[in-house]
Structure formats: C-alpha cells, structure tokens
Amino acid sequence: MEQTRNVGPPPLAPSGSGEVGELIDRLVKTAGGSPHAELLHEMVQTVLRLIEDQADRGDVKIVNAALRELVHAFRLFTPYRGIRKVTIFGSARTTEDQPEYRQALAFAHEISRLGWMVITGAGDGIMKAGQGGAGRERSFGVNIRLPFDQPANEFIQNDSKLITFKYFFTRKLIFVKETDAIALFPGGFGTLDEAFEILTLIQTGKSNPLPVVCVDRPGGDYWRTWDTYVRNVLLARGLIAPEDLCLYRVTDRLDSAIAEVTGFYRNYHSSRYVGDRLVIRLQHAPTAEDLDRLNREFHEILVDGAMTVSPALPEEGNEDPISDLPRLVLHFNRRDVGRLRQLIDALNQLPTVSPAA
C-alpha cells in the first residue's frame, strides 16, 4: 500500500498570484523591503486565505492575537540574542520561607553572576525567586493573562522586558525559542506540563539541543520521585529509549545545577541543519584521533558516511562572531536524539577542552 506523505498545508494560490500577488509584492517593497520578502509575501497570502475561507471572527481573533504577540516578543528579545539565557519554571505557590524558593533564588543569582540572563513567567513563587536572584537588569518576564488576576512581581513589573501573553502556546514557544537552558523547580500541573513538553520537543528534534536540569530543595525528593516514575513506567514499558534519560538531569545541589547548564556549552556552541547535514559548532575541534574514536562510538546515529571536521559551510553565510568556529558535520538520522546528547557530552569532555572554558 502506498503511504501518504504529510506535505503540510495546501498551496496558497490564488490569493498570491495575479493582481493580488503584485499588490503584496508592492506592499512589502513600500513598507521598506526585506531579504525575506518571499516569506512575508507568503504570510500575507495566509492571512488573505481567511477571507477566502470566510473564517469566523473567533478564528480570526486567534490568528491576529498570536501573530501580534509573537512579533512583539521577537522585537523584545532581539537586542539580547547574543547573551545566554536560562528559562526557570516552578510553582507560583512557593512561598519565600520555603527551601525551594531559596534554591531558585540562589540559582538565579549565581547563573546571572556568570553572565547569563533569566526568563521566567513573571508571577510569584519560583518565578519571583528567579527574577529576584537575577535582578531586574538580567531578567525577562513572560506573563500570561488568566481568568483571575496574575500581576507581575515587583522585580519585573513595568520593565521593558516584560511581556504578557493571551495564549499559552505562544508563551511556551518564546520560553523555548529564546533560551539556551531549562531549569525546572518543583511545581504543579503547569510545571510538569512544561517539563514533558520541553523533553518532547528535544526528543523529537523540534527543539535545538539544550540542557534541562531538574532542581530540588536540598535533600528533596520531588524530582527524584518524578524520575522514578519515568524510569519504572515509561522506560520499563518501552515508551522511551534508555538514551532519552540523558536529556535531563536531576539534582538537589546548586553547584551541580549550575555545572549542568554551563558545562553544556564548554565546547558545544550551537547547531543547525544545512540541507540534510547537521552542523555542530564547537569552540575546539576534535583531534584526528578523537574524531576517529567518536566515529566508532556513534556510528549508529549516522545515515551514511562519517563525521568530519570543517570550517563554516558556505550555506551558513557569515554569521559573526561564530563564523570562525570549527564545525563537526554529520548526516544525523534525526531519530536518536538521546545519543546525540551523549555525543555533545563527549565533545564537551574532549581532553583538548579546558575544564574552565
């Protein structure tokens, strides 16, 4: 039986062709032009399909609000794209006298001291601790409008880096898109939802690799109990792969939590796909001997060929200041993400990489 291939939404004609298409092109040019004009053209086409489909007011309002929220968020974060950030999740009900609050406060203070910025939900509890530890200058508030009032905490209230979303899905997108690490503190349904969604995005390759650390109170068992469930139910029943356990770390120690976040970038810098090849940017290239060992150890994640060391590929363009970084190029199977995380860990532990990097 022939399999049906998911090819996405249907073509956008006729709104983008003929007179309407010419009008869209002129509109983009009149507004100032863009190197991404073809994508903007397609976005306008998509909006015009709401007219063709005679979409009801509720659907139009969702599209309008989501687009406005995302454009505003992109504008807010763009000036800070060169600074590493960590997203902190946890309960809004945690009080200042609880050990979890003090742990989140200390974590945010230490990570900001190392040059990172903090993104939280802008409310009370763990969110307030995160922004209190980092300070207003190094904090982003990503709030949500709820049926009941949830004002921003005093550390981020009235700050230019505070944004309030109507929809959880746009808010979650920004939490993950704009961050370089995730720190999860104990919380309720929302925290567990965020934990599993983030792990799902990483596991399925819908998010770039990034460290996820689950931080408990000293001596606490919240995340150890959760980890026991993951291992004894999800792993034991074959619902996840053993390597998926590498996608997160559980700790009740502040120094271990900080090391998990910062150590992920000791040698690994970032990654992207160029065609069907995964390009991993590194601070230090592996030696020929190390590369040979890595190819033997991780051969099963390659579709074909071998991992090679390369300068920036022509398709990457001139992405200063990372254009001079060495690359590890591989034809990754896009499936074994847990093993990919183990490869990144191995790259970070190369003998040529300084522990203090």
Side-chain angles (χ1 to χ4, degrees), residues 6-83 85 87 117 119 122 139-145 152 156 158-180 201 206-208 270-276 279 281 312-323:
N6 183 1
V7 293
L12 290 171
S15 294
S17 58
E19 183 181 357
V20 172
E22 293 174 4
L23 286 171
I24 295 173
D25 287 338
R26 290 210 308 271
L27 177 64
V28 172
K29 292 177 181 177
T30 302
S34 169
H36 319 297
E38 78 284 359
L39 296 175
L40 295 169
H41 185 115
E42 189 171 327
M43 288 172 64
V44 177
Q45 288 180 256
T46 301
V47 171
L48 293 178
R49 289 205 68 164
L50 295 171
I51 300 174
E52 294 177 13
D53 298 341
Q54 291 296 292
D56 65 37
R57 185 172 181 83
D59 292 345
V60 175
K61 288 176 69 175
I62 290 174
V63 174
N64 179 49
L67 186 59
R68 289 179 61 189
E69 289 180 349
L70 290 175
V71 169
H72 178 57
F74 297 158
R75 183 182 296 124
L76 187 154
F77 277 95
T78 294
Y80 303 92
R81 290 271 165 83
I83 303 174
K85 305 172 195 68
T87 292
M117 298 186 77
I119 308 171
S139 294
F140 292 91
V142 184
N143 210 354
I144 184 75
R145 287 198 292 274
I156 198 66
N158 300 322
D159 192 277
S160 61
K161 302 188 301 305
L162 170 66
I163 181 171
T164 300
F165 286 86
K166 180 177 182 179
Y167 298 117
F168 273 109
F169 75 90
T170 49
R171 181 179 185 244
K172 286 180 178 179
L173 172 62
I174 294 302
F175 271 136
V176 178
K177 175 185 178 297
E178 299 296 343
T179 197
D180 301 282
L201 292 171
K206 299 298 284 186
S207 165
N208 288 329
S270 56
S271 59
R272 62 166 290 186
Y273 280 95
V274 175
D276 59 358
V279 178
R281 296 132 168 177
L313 303 185
E315 298 92 330
E316 293 183 83
N318 185 20
E319 299 185 49
D320 290 328
I322 63 174
S323 58

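The figures that follow rest on heavy atoms only: side chains count, while hydrogens, waters and symmetry mates do not. As the structure is a computational prediction, the values presented were derived from the model and not from experiment.
Every salt bridge (charged side-chain N to carboxylate O under 4.0 Å, His left out) that Asp159 has, sequence neighbours left out, goes to Arg136, Lys161. Residues meeting the side chain to side chain donor-acceptor pair (under 3.5 Å) test with Ser207, sequence neighbours left out: none. Remark: Arg81 engages Glu178 in a side chain to side chain donor-acceptor pair (under 3.5 Å) (not counting sequence neighbours). When the side chain to side chain contact (heavy atoms under 4.5 Å, CB included) test is applied to Ser139, the partners found at least two apart in sequence or on another chain are Gln131, Ala134, Ile156. Not counting sequence neighbours, Asn208 has no partner by the side chain to side chain donor-acceptor pair (under 3.5 Å) test. For Tyr80, the ring pair (Phe, Tyr, Trp, His ring centres under 6.0 Å) partners at least two apart in sequence or on another chain are Phe140. With sequence neighbours excluded, the residues forming a side chain to side chain contact (heavy atoms under 4.5 Å, CB included) with Ala37 are Val28, listed by chain and number. Not a single ring pair (Phe, Tyr, Trp, His ring centres under 6.0 Å) links Tyr273 to another residue, sequence neighbours left out. Ser270 pairs by the side chain to side chain donor-acceptor pair (under 3.5 Å) definition with Arg281, not counting sequence neighbours.
Listed by first then second residue, pairs satisfying salt bridge (charged side-chain N to carboxylate O under 4.0 Å, His left out) with a partner in residues 25-34 number zero, not counting sequence neighbours.
The distance from atom CD of Glu38 to atom NE2 of His36, rounded to the nearest 0.5 Å, is 8.0 Å. Atom CE of Met117 is separated from atom OG1 of Thr179 by 11.5 Å, given to the nearest 0.5 angstrom. Here the OG1-NZ distance, from Thr87 to Lys177, works out to 12.0 Å after rounding to the nearest 0.5 Å.
For the pair Leu313 and Val279, the minimum side-chain heavy-atom distance is below 4.5 Å.
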**Test side chain to side chain contact (heavy atoms under 4.5 Å, CB included) applied to Ile24 and Leu48, step by step** = CA-CA 10 Å; Ile24 295 173; Leu48 293 178; 3.9 Å; yes
**Prompt:** Does the side chain to side chain contact (heavy atoms under 4.5 Å, CB included) test come out yes or no for Asn143 and Ile163, once each step is laid out?
**Reply:** CA-CA 6 Å; Asn143 210 354; Ile163 181 171; over 6 Å; no
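The minimum heavy-atom distance between Phe168 and Ile144, with the atom names listed, is N-CD1, 3.9 Å. Listed here is the closest heavy atom pair of Asp59 and Asp56: N-OD1, 2.9 Å. Ala312 and Ser323 make their closest contact through CB-O, 3.5 Å (heavy atoms, listed as atom of the first residue, atom of the second, distance). The two atoms that bring Val274 and Glu316 nearest to each other are CG2-CG, 3.9 Å, heavy atoms only. Among all heavy-atom pairs drawn from Val142 and Phe165, the shortest one is CG1-CE1, 3.3 Å.
Ring to ring, Tyr167 and Phe169 are close: their centroids are under 6.0 angstrom apart.
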Side-chain atoms of residues 61-79: list all donor-acceptor pairs with protein atoms under 3.5 Å, sequence neighbours left out, distances to 0.1 Å.
| residue | atom | partner | partner atom | Å |
| --- | --- | --- | --- | --- |
| Glu69 | OE1 | Thr170 | OG1 | 2.7 |
| Glu69 | OE2 | Lys166 | N | 2.4 |
| Thr78 | OG1 | Phe74 | O | 2.6 |

